[in-house]
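Shown next, in structure tokens, is the structure this report addresses.
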Amino acid sequence: MSRATSTAVAPEGIDAPAVTAWFATHVGDARPPLMFSLIEAGHSNMTFVVTDAADHRWVLRRPPLHNVLATAHDMSREHRAIAALHPEGFPVPRPLGLCSDADVNGAPFYVMDYVDGVVVRDADEARRSLDVPTRRALSRSLVDVLAVLHAVDIDAVGLGDLGRREGYVARQLRRWLRQVETTPDLARPELRVVHDHLVERVPDQATTGIVHGDYRLDNCIVSTGGEVRAVLDWELCTLGDVLADVAILLTYWSEPGEKSQALDNPPTATEGFYSRAELLEAYAEASGRSLERIDFYLAWGAWRLACILIGVQARYLAGAMGDKAPLEGIESFAGRIDGLVARAQHHAAQVP
């Protein structure tokens, strides 16, 4: 699923005896002793690979160790989303159980199946695992899977009350501005200017559906044939304006030769992946939706990610992800945030 560092001693965030006891009750085929490996990726919820004596593997998700945001890191929300989507055939790991009792492991957690495949986190992995035609096929698969998600009947799958249906983008503008303004040491005054411009120009919400909230290539497990096998990281999922997911995908999507990137060493900057224009065309075709107001959403997407990275940077500097959490990439946050702010300003200027 991803690179992981194994240790005979349980890493921070895991009470090995208590979690092993929970597995004995909820994952009947698990054979102790269990080994726990912290995946070396991600800057929010903590993800562990769990391996038993028979070399079976599962994945455990839990919140960060400290500085948990009041409305984020909700394990029950993640578990509920994949539990509703898996029976529909949507590509998510099969959920095996949710532990809402914080006394077991210091915080709620849930466990799901381990899905074999590749997580394409950077350009090196893209070149190593996918040839040029496969990168193109994967681009289309990402778009098609997103269109399927946005077509899910939220009431039929039992997610009709997952969140407020209307006003998603306006709520997001308020939420992430609050986060920036509560981290004064890392504040960027330009973000308030972009916020004020956008908040007066929020489009009417044409379609309400499931919004993943962090849909991007490296939040998917993919096959070497270019197919999305599982969509991961549902911590930000809710109901709302589905075009937000399109903006998020394009905010992370880089093209060859660009100086400013949302990710370090971005995978989609390698030859073969769709351009942003091709992604938009493919989504419009797959979904049948109008993208005439896409500049607003692209401005919002870049602005939102800049706000998120400021919060992530603050949590890492405060040690919220544990003493052993990798710090690679943190030093680049300032430049990445600068680039996102510039992109938000550019797209905002196109919104009358």
Side-chain angles (χ1 to χ4, degrees), residues 1-87 90-117 119 158-159 162 214 219 221 229-237 315 319-326:
M1 183 173 170
S2 180
R3 299 184 302 275
T5 302
S6 297
T7 175
V9 178
E12 283 187 289
I14 296 293
D15 182 329
V19 173
T20 298
W22 185 90
F23 261 73
T25 301
H26 296 87
V27 185
D29 56 347
R31 293 178 55 188
L34 302 182
M35 296 285 291
F36 303 89
S37 305
L38 174 64
I39 293 178
E40 293 183 355
H43 302 298
S44 190
N45 285 339
M46 304 177 76
T47 307
F48 301 86
V49 174
V50 184
T51 307
D52 74 355
D55 215 25
H56 299 137
R57 290 178 291 180
W58 301 271
V59 173
L60 182 151
R61 291 265 290 173
R62 61 148 294 157
L65 300 176
H66 313 290
N67 293 9
V68 176
L69 299 176
T71 57
H73 317 298
D74 185 344
M75 295 296 99
S76 63
R77 174 179 291 268
E78 287 196 37
H79 181 267
R80 181 182 177 190
I82 66 173
L85 292 171
H86 185 269
F90 187 81
V92 290
R94 180 171 64 104
L96 298 176
L98 168 70
C99 178
S100 57
D101 183 358
D103 290 338
V104 174
N105 193 46
F109 66 89
Y110 72 93
V111 174
M112 57 188 169
D113 275 345
Y114 182 98
V115 177
D116 283 316
V119 178
L159 295 177
L162 184 65
D214 201 17
N219 273 342
I221 299 173
R229 300 200 65 210
V231 180
L232 309 175
D233 292 0
W234 292 83
E235 64 185 278
L236 297 177
C237 74
R315 291 200 299 279
M321 303 308 291
D323 295 340
K324 307 300 182 184

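For this chain, numbers begin at 1 and follow the sequence in order.
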If you round to the nearest 0.5 Å, how far is CG of Leu34 from OG1 of Thr20?
4.0 Å
Please check if the side chain of Arg77 supplies one atom and the backbone of Cys237 the other of a donor-acceptor pair under 3.5 Å.
yes
Taking the side chain as C-beta and beyond, is there a heavy-atom pair between Leu98 and Glu78 under 4.5 Å?
no
Rounded at 0.5 Å granularity, tell me how far CG in Asp52 sits from CZ in Arg57.
11.0 Å
Between CD on residue Glu12 and CZ on residue Phe48, distance to nearest 0.5 Å:
9.0 Å
Do the side chains of Val92 and Met112 get nearer than 4.5 Å, heavy atoms only?
no
State, with a plain yes or no, whether a side-chain heavy atom of Met46 is found less than 4.5 Å away from one of Phe109.
no
Without swapping roles, check the side chain of Asp214 against the backbone of Asn219 for a donor-acceptor pair under 3.5 Å.
no
Before accepting this row, confirm whether a basic side-chain N of the pair Arg229/Asp116 lies closer than 4.0 Å to the acidic partner's carboxylate O.
no
So, Asp113 side chain and Val115 main chain: donor-acceptor pair closer than 3.5 Å or not?
no
Scan Tyr114, Phe23, Tyr110 and name whichever one has a ring pair (Phe, Tyr, Trp, His ring centres under 6.0 Å) with Trp58.
Phe23
Exercise: identify the closest heavy-atom pair between Pro63 and Asn45
CA-OD1, 3.6 Å
Tightest non-hydrogen contact, residues Ala16 and Ala10, listed as CB-CB, 3.8 Å
Testing the basics here: between Pro108 and Met75, what is the closest heavy-atom pair and its distance to 0.1 Å?
O-CG, 3.3 Å
Within the 4.5 Å heavy-atom criterion, are Pro93 and Leu232 side-chain neighbours or not?
yes
Side chain to side chain, Val27 and Trp22, heavy atoms closer than 4.5 Å
yes
Gly158 backbone acceptor or donor facing Arg80 side chain under 3.5 Å
yes
Pairwise distance OG(Ser100) to NE2(His79) - rounded to 0.5 angstrom
10.5 Å
Please examine the side chains of Leu96 and His26, heavy atoms only from C-beta on, and report whether any two atoms are closer than 4.5 Å.
no
So, do Asn105 and Ile14 sit near enough that their side-chain heavy atoms are less than 4.5 Å apart?
yes
Applying the side chain to side chain contact (heavy atoms under 4.5 Å, CB included) criterion to Phe36, which one of Val19, Val49, Thr51 satisfies it?
Val19
